[in-house]
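The chains referred to below are lettered A, B, ... by the order of the sequence lines, with proteins before strands, and numbering in each begins at 1.
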Protein chains: 2
Amino acid sequence: MEKTAGRKLTLKEMAEQIGVSKATVSNAFNRPDQLSKQLRERILAQCEALGYSGPNMSARSLRTGKTGIIGVLLADTLSFNFSDPVANQFLEGLGNALDKQHVNMLLLPSCEENYQSSQVQTIPDGYIVYGQPLKESLMRRLEHQGKPLVTVDFTASFGQSVSVHVDNQKAACEAAMHAVAPVEHPRVSIFGLRLTSAIQAGLIADKELFGIEESISRRRLEGYREALVRLKVKPDMISLWNFPHNDQQQVRVMARGILSAPERPNVLLCMSDKIALAALDAARDLGIKVPQELRVVGFDDIPEAMERQLTTVHQPLREKGRIAADIVLQLQSFEDHVLSTELLVRNSCP
Amino acid sequence: MEKTAGRKLTLKEMAEQIGVSKATVSNAFNRPDQLSKQLRERILAQCEALGYSGPNMSARSLRTGKTGIIGVLLADTLSFNFSDPVANQFLEGLGNALDKQHVNMLLLPSCEENYQSSQVQTIPDGYIVYGQPLKESLMRRLEHQGKPLVTVDFTASFGQSVSVHVDNQKAACEAAMHAVAPVEHPRVSIFGLRLTSAIQAGLIADKELFGIEESISRRRLEGYREALVRLKVKPDMISLWNFPHNDQQQVRVMARGILSAPERPNVLLCMSDKIALAALDAARDLGIKVPQELRVVGFDDIPEAMERQLTTVHQPLREKGRIAADIVLQLQSFEDHVLSTELLVRNSCP
DNA sequence: TTGTATGCGTTATCAT
DNA sequence: ATGATAACGCATACAA
């Protein structure tokens with residue numbers, strides 16, 4: 001029996017060709033327990049031979065109400081998300097978990113603009129929003145669809161979504177305590193990420209901070225401050241710097257500037273490992289000894305952090321992805337998950 | 001009018017609420033010219049207010065036969081494809097073009113395994129297969145669906161798919177001519193990528209070459225050889241090396257070994273810029289002067305190639321993505337497109 | 001410009 | 001174990 005190329009095959013036609021009813025063919029694909037093993041195999045083989053690639057997804061979805069697709073809303077571009085080691089690991093964990101359930105992921109990059117006009121809106125069975133709070137209007141639209149909605153690394157301030165994250169504040173506080181406590185006369189610089197809407201890197205004051213209380217950076221900042229207050233570090237010994245991008249080159253240049261000042265800092269609290277590594281580069285450029293003259297802590301524990309002996313906060317990135325997937329697929333209870341972090345003490349800040 | 005969260009809204013219900021017929025609401029979404037501008041806007045506004053996010057995709061797809069999704073089959077993992085500058089640029093061009101038509105891309109990584117059992121099969125309206133020939137059985141399955149099928153950087157040896165690519169052989173030949181011609185006593189090493197199934201890097205003989213005649217690497221190899229024959233370079237002055245991965249670290253170590261030999265090569269023909277850059281690193285490690293003692297050419301023209309003054313073959317990667325998209329969306333004639341390349345002469349091989 | 005009727009391909013319920 | 005039938009939500013030809 002040869003295949004008839006080009007024809008649009010349907011389950012109904014298969015049934016007729018094979019000489020059974022539509023329901024039986026459908027069962028052969030979806031409910032193996034509803035028919036004899038041999039019949040099922042005969043049907044599957046015939047379909048294969050006839051060139052039928054399985055039930056039409058649109059029709060099946062219309063009937064079952066499920067598409068087998070999870071939408072992943074990303075804050076940045078695809079290339080950023082895959083070249084950044086943090087996002088990369090998260091997406092890897094997420095992808096694996098979805099794969100395991102034979103669910104596909106529809107990546108929706110820089111979703112703010114795209115998601116307005118597109119028809120994507122009703123495709124996914126659920127959503128995972130990664131990394132950065134979306135505009136409220138968009139979040140509301142998503143929530144209103146009544147599908148599982150999981151936010152990662154931030155918490156929506158309303159609605160009934162669920163969040164997977166680490167306790168950034170606590171972890172940052174712990175890191176700062178470790179870094180600052182042993183120093184007799186601490187001069188602390190905090191290197192923050194996207195704390196304001198400024199597009200230039202620079203020193204910032206409190207009042208300039210972004211309104212988004214729930215962002216990762218804000219939580220980490222609060223943690224650092226909590227530690228600094230506890231250790232009674234005077235405010236004028238603390239400077240807060242903002243970097244608009246997690247970009248090593250830029251940070252390195254800026255850090256050289258900061259570390260060249262006469263009263264240069266002796267502790268650097270960095271909100272990401274990339275920033276911290278760039279700071280280490282800058283220190284090396286200037287011949288500043290780490291950790292003797294400068295203690296540096298990072299955040300995230302990307303692979304390079306280990307190679308370069310950076311003290312940092314480890315967070316289970318792949319695990320985060322896995323859990324987010326399991327929640328959205330309803331394999332985990334629909335409630336907030338707070339994953340634990342671990343301070344990894346290495347040479348940059350022993 | 002407040003929205004009733006949780007309810008599943010349908011176009012029919014909207015019509016009833018608003019007091020028009022289903023068809024009119026449908027037209028408001030899909031055919032602006034079929035009703036008065038004001039009515040259309042009233043309907044859209046009402047739907048928005050009621051929390052209706054637009055027509056259900058499954059139902060619409062079932063009716064129209066289109067899903068608005070293009071499947072992109074990738075040879076490697078997602079993270080590879082986005083961290084590799086070549087793949088990255090291609091996907092960027094592709095993504096932009098699809099976006100422009102409000103079409104989504106479903107990324108199907110390392111598709112060999114996944115694609116067997118998954119339900120994805122019937123979702124996309126068309127396919128783009130990137131970079132590496134798939135198993136024939138899979139290709140046949142795809143072709144049999146009767147949807148537009150575009151292969152990029154290789155040509156399927158059967159069926160009715162269409163291909164977007166550059167003339168790798170011609171470009172490689174040109175590069176080799178330029179590199180080798182000026183050298184009086186050329187000793188040439190070819191650094192190839194995935195020319196055999198070996199997982200270790202190493203020297204290879206002809207008979208070990210992969211059977212896949214159509215792969216990018218094979219075309220480039222033929223191009224190099226064509227040039228070497230024309231220039232009458234003796235076979236024993238040519239060595240052919242294979243690298244299983246486009247991985248800089250590994251290549252650098254291997255290249256150091258090769259360049260340490262007593263009769264070391266004075267021309268390096270590299271099948272990718274990454275490999276070429278690693279070779280430059282190795283030359284620097286050994287204090288070998290480029291281009292005086294060693295001429296190096298790459299392939300692809302990734303951004304770093306310019307920074308490091310690597311002579312290489314430029315190919316229009318984003319353009320390739322754009323064209324592939326346009327073909328699969330039937331905005332371009334359904335026929336092979338061969339894009340032109342350009343040899344960029346820089347310091348590594350003037 | 002608007003409304004009516006039909007069917008897209010499938011799955012689930014029920015009956016056999 | 002298998003078959004008949006009714007939805008699923010929508011777009012479109014056609015009628016008004």
Taking the minimum atom-to-atom distance to the side chain of [X], which one of [options] wins?
X: A:Y52; options: D:dG9, C:dA12, C:dT10; answer: C:dT10
X: B:L11; options: C:dA12, C:dT10, D:dC10; answer: D:dC10
X: B:L39; options: C:dT2, C:dT13, D:dT2; answer: C:dT2

Phosphate contact (C:dA12 OP1 or OP2) by A:R31 side-chain N/O below 4.0 Å: yes
- Does B:R40 make a side-chain N or O approach to OP1 or OP2 of C:dT1 shorter than 4.0 Å? no
Applying side-chain contact (heavy atoms from CB on, under 4.5 Å) to A:S83 and not counting sequence neighbours gives none
Between the side chains of A:Y127 and A:Q145, is a donor N or O closer than 3.5 angstrom to an acceptor N or O? yes
d([atom1], [X]; [atom2], [N]) in whole Å:
X: B:I18; N: C:dG3; atom1: CD1; atom2: P; result: 11 Å
X: A:D125; N: D:dC8; atom1: CG; atom2: C1'; result: 15 Å
X: A:E16; N: D:dG3; atom1: CD; atom2: C1'; result: 14 Å
X: B:N56; N: D:dC8; atom1: CG; atom2: C1'; result: 9 Å
X: A:F29; N: C:dA12; atom1: CZ; atom2: P; result: 15 Å
X: A:Q34; N: D:dG3; atom1: CD; atom2: P; result: 13 Å
X: A:Q38; N: D:dA1; atom1: CD; atom2: P; result: 11 Å
X: A:M57; N: C:dG9; atom1: CE; atom2: C1'; result: 12 Å

side-chain hydrogen bond (donor to acceptor under 3.5 Å, both in side chains) partners for [X], two or more places apart:
X: B:K320; result: B:D153, B:Q315
X: B:T24; result: B:S21
X: A:E335; result: A:S333

Of B:L62 and B:D33, the one whose nearest nucleotide on DNA chain C sits closer to the 5' end is B:D33
Sorted by chain and residue number, the ring pair (Phe, Tyr, Trp, His ring centres under 6.0 Å) partners of A:F80 (sequence neighbours excluded) come out as none
- request: Using a 4.5 Å cut-off on heavy atoms from C-beta on, say whether the side chain of B:L107 contacts that of B:L74.
  value: yes
Per the under-4.0 Å heavy-atom filter, residues of residues 20-28 of chain B near DNA chain D come out as B:K22, B:A23, B:S26
Requested in this report: Please work out if A:L35 contacts a base, only the sugar-phosphate, or nothing of the nucleic acid, heavy-atom cut-off 4.0 Å.
Outcome: sugar-phosphate
